[in-house]
Novice: 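The structure is given below, and queries will be raised subsequently.
In what follows, every heavy atom counts, from backbone to side chain, and hydrogens, waters and symmetry copies are set aside. Below, chains carry the letters A, B, ... as their sequence lines are ordered, and counting in each starts from 1. Remember, predicted model here, so these are calculated numbers, not experimental data.
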2 protein chains.
Amino acid sequence: MDLRHLRYFIAVAEEENIGRAAARLHISQPPLTRQIQQLEEELGVRLFTRTPKGMELTQAGELFLEEARNIRSVVEQATERTQRAGQGKLGRLDIAIFGSGILGTIPRLLLAFRNDYPEVKTVLHTMTKAEQIEALRQRRITVGFNRMLAPLPDLATELVATERLLVAINEHHPLAREESVPFQSLAEHPMVLFPTGARPNFMDKVMRLCEAAGFVPQVSQEVGDAVTGVALVAGGFGVCLVPESVTALTLPGVVFRPLQDAPANASIDLSCLYRADDQSPILSAFLETVRAFRDTQTIETPADIRSATGWDADM
Amino acid sequence: MDLRHLRYFIAVAEEENIGRAAARLHISQPPLTRQIQQLEEELGVRLFTRTPKGMELTQAGELFLEEARNIRSVVEQATERTQRAGQGKLGRLDIAIFGSGILGTIPRLLLAFRNDYPEVKTVLHTMTKAEQIEALRQRRITVGFNRMLAPLPDLATELVATERLLVAINEHHPLAREESVPFQSLAEHPMVLFPTGARPNFMDKVMRLCEAAGFVPQVSQEVGDAVTGVALVAGGFGVCLVPESVTALTLPGVVFRPLQDAPANASIDLSCLYRADDQSPILSAFLETVRAFRDTQTIETPADIRSATGWDADM
DNA sequence: CACGCTCAATACCTTCAAGGTATCGTTTCG
DNA sequence: CGAAACGATACCTTGAAGGTATTGAGCGTG
């Protein structure tokens with residue numbers, strides 16, 4: 001049996017007349033007669049009773065008509081869904097984020113993607129950078145978000161956002177009195193550093209910046225993630241350099257200050273990481289959304305930073 | 001798209017290798033390659049990623065595999081159900097019965113049919129003989145049960161059972177004292193007659209029997225159906241000739257007695273009526289069951305009558 | 001490094017069935 | 001009784017499914 005048989009059968013059943021059905025199907029009458037005969041023979045069932053007026057469905061034919069229409073709609077839905085899946089509009093995207101990735105940029109990006117591709121189910125996995133790379137190799141995830149990425153074989157990256165560095169300061173700390181903090185002045189205060197994970201990491205970046213500025217930071221504590229770091233600032237452990245998006249995390253007693261006379265490289269990239277050989281249309285769609293998102297962010301920067309950094313609230 | 005495409009696609013998806021899939025499908029490799037290409041082109045979707053090791057499903061392919069398997073099973077079920085319908089094993093049978101038809105033979109027959117063809121839904125309609133004929137003409141029913149059928153054009157009959165006539169008598173009535181009633185003696189007692197419906201009817205039959213025996217019955221009351229007739233017997237309106245199956249209806253104060261020296265034709269046929277041109281396999285199946293049922297009834301008659309007539313209970 | 005192995009893809013031929021035209025046999029209706 | 005309408009049949013044409021032979025690409029191994 002063939003889908004053509006079903007199409008023909010439905011036409012004949014609906015027209016109750018082989019000639020009209022043939023016209024509707026844009027074929028001539030005899031082939032249609034034969035196709036119907038074939039169908040009946042293959043099923044071993046009389047589907048029509050031939051009357052001088054035309055074709056009339058038998059009870060079995062009546063049932064088969066329902067079934068045929070059902071099959072037709074199931075097939076239509078299947079192709080339609082598959083096509084949507086092929087265009088990256090339907091399916092599942094496994095995404096890895098790092099500890100403090102839930103803050104700031106990433107949720108807004110994910111929301112934008114969800115908005116453009118509502119039928120793609122996004123599944124978030126919290127992973128360290130090393131775990132992400134491993135998971136990408138094993139295809140357990142399709143994209144990972146990260147900072148401080150060294151070039152990796154077989155993996156490609158797409159820049160999501162470039163964030164300035166800010167200083168997290170306890171509100172009673174002397175540096176909190178100024179609206180911005182000279183980078184040099186960090187030399188004189190104990191500093192909390194993070195994360196302690198796989199190199200190169202954000203800690204290395206900070207160390208290099210200090211080195212370039214001609215001092216070695218007084219490390220009061222090393223911690224695993226930004227949330228812990230800011231919490232220690234609240235506890236009076238010292239100051240802490242953080243990427244801008246961490247300001248989404250407001251802790252009582254902590255204020256964020258921009259760097260004054262900051263070195264040109266006092267900023268850090270947030271990128272997403274994916275298999276270079278991955279042709280998945282969902283990934284393409286996601287990367288496309290990332291690029292669009294990055295552009296809108298760049299344009300909207302001024303207003304965005306004012307609210308995102310929480311200056312108004314702190315002043 | 002074609003069901004063949006789906007079959008081929010499933011094979012390739014399962015084997016992850018065109019060569020092996022081709023072997024499994026008993027075709028050679030190149031046509032299979034082309035069919036898969038065709039399918040992808042028609043859908044506009046890459047279903048497989050070609051690797052040196054073989055064929056690997058894309059995400060869209062994964063989805064389409066599920067859909068394809070689903071379609072396959074839907075089609076299988078459709079053909080299977082249609083075939084059962086074509087063999088009269090699945091479907092619906094609209095049956096007409098007359099007022100007191102719920103008594104005795106018919107329910108047992110229907111039960112037997114239900115047992116042989118559990119997936120045929122039987123729908124009962126209560127109709128008079130005239131209504132049945134009309135409904136058969138309009139195809140609103142497929143079979144009707146009736147007594148006293150004159151040959152009808154376009155309609156055929158099948159004998160279901162031949163029932164003896166019994167006399168329903170009030171237990172205080174003088175005739176109730178004997179174990180059987182001489183037909184002649186009915187001449188001396190008022191008689192309830194039924195039904196008053198379309199001729200020829202059971203009333204005509206009784207009149208002819210009396211005429212043959214040389215008397216005219218004293219008609220105390222004419223009623224529409226057997227149930228009412230027997231109820232009037234209970235109320236003392238006289239005796240009433242009834243078909244054997246009416247004994248299934250036990251009313252307090254009423255006993256049933258066989259006829260003694262009954263004329264050879266003191267019996268009445270229960271038949272079912274159907275369109276002579278009806279080729280429906282369900283009807284054929286039903287008529288087959290009727291014939292089988294009629295035979296078992298004939299064989300089992302002795303024991304059957306003893307219990308069905310209720311003699312034991314009345315004696 | 002080259003050779004062979006294993007894939008899928010391509011080229012080209014064959015065949016069978018789907019589709020077309022012409023015609024027939026019935027039944028119905030004017 | 002002839003015309004019209006309907007499905008069935010006979011016979012021809014063609015396109016696509018299937019077959020064989022071969023190519024080309026990636027991998028592993030001697």
Novice: If only side-chain N and O atoms count, and only distance matters, is there a donor-acceptor pair under 3.5 Å linking A:Glu42 with A:Gln38?
Specialist: no
Novice: Would you call the rings of B:Phe48 and B:Phe9 parallel, tilted or perpendicular if under 30° counts as parallel and over 60° as perpendicular?
Specialist: tilted
Novice: Do any of residues 15-31 of chain A sit with a heavy atom less than 4.0 Å from DNA chain D, and if so which?
Specialist: A:Asn17, A:Ile18, A:Gly19, A:Gln29, A:Pro30
Novice: Expected output is a numbered-order residue list: members of residues 33-42 of chain A with a heavy atom under 4.0 Å from any atom of DNA chain D. What is it?
Specialist: A:Thr33, A:Gln37
Novice: Can you tell me which residue among A:Thr157, A:Ile141, A:Thr142, A:Leu287 is in a side chain to side chain contact (heavy atoms under 4.5 Å, CB included) with A:Tyr274?
Specialist: A:Leu287
Novice: So does B:Arg114 have more than 12 non-hydrogen atoms from other groups sitting under 6.0 Å from CZ?
Specialist: no
Novice: Would you kindly give the CG-to-C1' distance between A:Leu32 and C:dA17, to the nearest whole Å?
Specialist: 16 Å
Novice: Does the side chain of B:Met1 reach to within under 4.5 Å of the side chain of B:Leu39, using non-hydrogen atoms?
Specialist: yes
Novice: Go through B:Gln37 and B:Glu41 one step at a time and tell me if the side chain to side chain donor-acceptor pair (under 3.5 Å) criterion holds.
Specialist: CA-CA 6 Å; B:Gln37 287 172 337; B:Glu41 192 170 348; over 6 Å; no
Novice: In whole angstrom, give the distance that lies between atom OH of B:Tyr8 and atom C1' of D:dA16.
Specialist: 12 Å
Novice: In whole angstrom, what separates B:Met55's CE from C:dT6's P?
Specialist: 19 Å
Novice: If you take any heavy atom closer than 4.0 Å to DNA chain D, which residues from residues 46-54 of chain A end up in contact?
Specialist: A:Arg50, A:Pro52, A:Lys53, A:Gly54
Novice: Checking A:Glu158 against A:Arg294 for the salt bridge (charged side-chain N to carboxylate O under 4.0 Å, His left out) test, could you report, in this order, the C-alpha distance in whole Å, the side-chain angles of both residues, the deciding distance, and whether it holds?
Specialist: CA-CA 10 Å; A:Glu158 184 74 40; A:Arg294 189 209 301 149; 2.4 Å; yes
Novice: Evaluate the side-chain contact (heavy atoms from CB on, under 4.5 Å) criterion for residues A:Val160 and A:Ile106: first the C-alpha distance (whole Å), next the side-chain angles of each, then the deciding distance (0.1 Å), finally the verdict.
Specialist: CA-CA 9 Å; A:Val160 176; A:Ile106 296 177; 5.9 Å; no
Novice: Kindly determine whether B:Val45 and B:Phe64 satisfy side-chain contact (heavy atoms from CB on, under 4.5 Å), including the steps that lead there.
Specialist: CA-CA 10 Å; B:Val45 175; B:Phe64 192 64; over 6 Å; no
Novice: Assess whether side-chain contact (heavy atoms from CB on, under 4.5 Å) is satisfied between B:Arg69 and B:Glu14, documenting all intermediate values.
Specialist: CA-CA 11 Å; B:Arg69 284 181 172 140; B:Glu14 284 175 355; 2.9 Å; yes
